[in-house]
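Worksheet: the structure to be examined is printed underneath.
Any value given below was found using the heavy atoms of this structure, including those in side chains, with hydrogens, waters and symmetry copies removed. Fair warning: this is a prediction, and the values are worked out from it, not measured in the lab.
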Amino acid sequence: MPTPRQSPAARFAALSPEEQAIWLDPAEAEFCQHGFQRASMNRILAHAGQSKGRSYHYFADKAALYRATLLRAFARVEGLDDTPVLQAQDAQEFWARAVGLAAALAAALQRDAALDALLRGLFDDKAAQNAMAEPLEQLRARVAAMIVAGQYKGAVRRDLPVPLLCEVTLGLARILDRWLADAAPNLPAEHAADLSQRAFGLLIAPLLPPDPA
């Protein structure tokens with residue numbers, strides 16, 4: 001029987017990290033500088049030293065290369081495992097672990113200028129969001145799972161639908177990340193870190209159970 005033909009994504013995934021970097025390093029630089037829509041595949045290929053025909057062997061289109069670039073950037077972040085949050089035993093532990101998760105992401109964005117630029121480009125560009133539709137849907141599912149886990153622990157309100165709470169959380173996260181990204185470079189590192197922690201209070205406020213009083 002003939003063997004199933006591999007998809008371009010599967011062929012790229014089979015490459016070593018060094019071979020993947022030949023494509024992703026120039027792609028990351030291009031997407032950081034120009035964003036998704038204005039990024040040029042021709043410029044990326046020229047810097048990679050690859051032909052357009054060869055690119056189709058690994059990427060169906062520019063969107064596929066963009067996804068691979070962002071997913072590699074996110075893989076550089078340590079401490080983004082949401083399992084400890086889901087396994088928290090009570091409300092206090094839930095929020096302590098959620099704060100740790102948010103702090104890990106904030107610290108990564110401060111250290112990794114490329115990741116920060118890619119993420120801001122994703123937030124600003126509808127075409128980029130369409131290119132990342134599947135990973136973004138997976139992110140929504142993870143956030144929703146954490147919200148449901150928080151409800152069971154008494155940490156998250158139950159009087160509003162989970163999808164609404166999920167969209168509010170993601171929307172505030174985008175606003176806070178953009179504002180902090182613009183403000184942090186002009187602030188001392190300690191002040192920026194303190195501001196980031198305080199801003200997290202805005203993110204969790206809509207999720208807290210309403211005051212019985």
Side-chain angles (χ1 to χ4, degrees), residues 1-82 101 104-145 166-167 170-171 173-178 180-182 184-185:
M1 293 179 60
T3 57
R5 187 177 180 181
Q6 274 191 318
S7 67
R11 287 193 289 265
F12 185 73
L15 297 178
S16 69
E18 294 75 18
E19 291 171 316
Q20 292 182 0
I22 293 173
W23 299 89
L24 299 184
D25 286 352
E28 183 173 284
E30 178 74 10
F31 289 128
C32 284
Q33 183 175 355
H34 299 287
F36 173 70
Q37 288 201 75
R38 294 187 295 112
S40 166
M41 278 294 290
N42 289 334
R43 282 195 297 261
I44 293 172
L45 294 175
H47 287 294
Q50 302 294 326
S51 68
K52 183 168 289 188
R54 184 66 175 167
S55 72
Y56 292 130
H57 186 70
Y58 297 119
F59 308 104
D61 49 26
K62 185 172 72 170
L65 177 56
Y66 182 71
R67 282 193 297 274
T69 303
L70 262 72
L71 291 176
R72 185 187 68 161
F74 276 109
R76 296 197 293 259
V77 183
E78 297 180 357
L80 282 188
D81 182 12
D82 56 8
L101 187 64
L105 179 57
L109 293 175
Q110 290 178 355
R111 290 192 308 267
D112 193 332
L115 173 61
D116 184 58
L118 289 169
L119 190 58
R120 281 187 284 127
L122 175 62
F123 290 159
D124 293 341
D125 190 337
K126 184 63 177 177
Q129 294 168 26
N130 291 337
M132 289 288 289
E134 185 175 346
L136 286 174
E137 194 56 40
Q138 292 172 354
L139 173 62
R140 283 188 179 88
R142 291 174 64 179
V143 172
C166 183
E167 290 305 313
L170 291 171
R174 287 194 292 269
I175 293 170
L176 291 173
D177 177 72
R178 182 173 181 82
L180 290 169
D182 291 338

Do [X] and [Y] come within less than 4.5 Å of each other through their side chains, counting heavy atoms only?
X: S51; Y: L45; value: no
X: D112; Y: V77; value: no
X: L15; Y: Y58; value: yes
X: Q33; Y: R38; value: no

Can you measure from [atom1] ([X]) to [atom2] ([Y]) and round to the nearest 0.5 angstrom?
X: L115; Y: R120; atom1: CG; atom2: CZ; result: 10.5 Å
X: L101; Y: D81; atom1: CG; atom2: CG; result: 8.0 Å
X: M132; Y: L122; atom1: CE; atom2: CG; result: 6.0 Å
X: E28; Y: R72; atom1: CD; atom2: CZ; result: 5.0 Å
X: S40; Y: E30; atom1: OG; atom2: CD; result: 5.5 Å
X: T69; Y: K62; atom1: OG1; atom2: NZ; result: 11.5 Å

Restricting to non-hydrogen atoms, name the atom on [X] and the atom on [Y] that form the minimum distance, rounded to 0.1 Å.
X: N42; Y: K52; result: OD1-NZ, 3.4 Å
X: H57; Y: R11; result: O-NE, 2.7 Å
X: G121; Y: A128; result: O-CB, 4.2 Å
X: C166; Y: A144; result: SG-N, 4.1 Å
X: D61; Y: A64; result: OD1-N, 2.9 Å
X: A73; Y: L118; result: CB-CD1, 3.8 Å

* Stepwise side-chain contact (heavy atoms from CB on, under 4.5 Å) test for L24 and L65 -> CA-CA 8 Å; L24 299 184; L65 177 56; 3.8 Å; yes

* To do: For F59, check ring-ring contact (aromatic ring centres under 6.0 Å, His included) against everything at least two apart and list the hits.
  => F12, W23

* Kindly determine whether E167 and R140 satisfy side-chain contact (heavy atoms from CB on, under 4.5 Å), including the steps that lead there. => CA-CA 8 Å; E167 290 305 313; R140 283 188 179 88; 2.9 Å; yes

* **Candidate pair R67 and E134, rule salt bridge (charged side-chain N to carboxylate O under 4.0 Å, His left out), full reasoning** => CA-CA 9 Å; R67 282 193 297 274; E134 185 175 346; over 6 Å; no

* Would you please test L170 and L139 for side-chain contact (heavy atoms from CB on, under 4.5 Å) and show each step? => CA-CA 9 Å; L170 291 171; L139 173 62; 4.1 Å; yes

* To do: Kindly say whether S16 contributes a backbone atom to a donor-acceptor pair with the side chain of E19 at under 3.5 angstrom?
  => yes

* Asked: Between Q129 and F123, is there a donor-acceptor pair closer than 3.5 Å when you use the side chain of the first and the backbone of the second?
  -> yes

* Selection residues 27-53 - residue pairs positive for ring-ring contact (aromatic ring centres under 6.0 Å, His included), sequence neighbours left out -> F31-Y66, F36-Y66

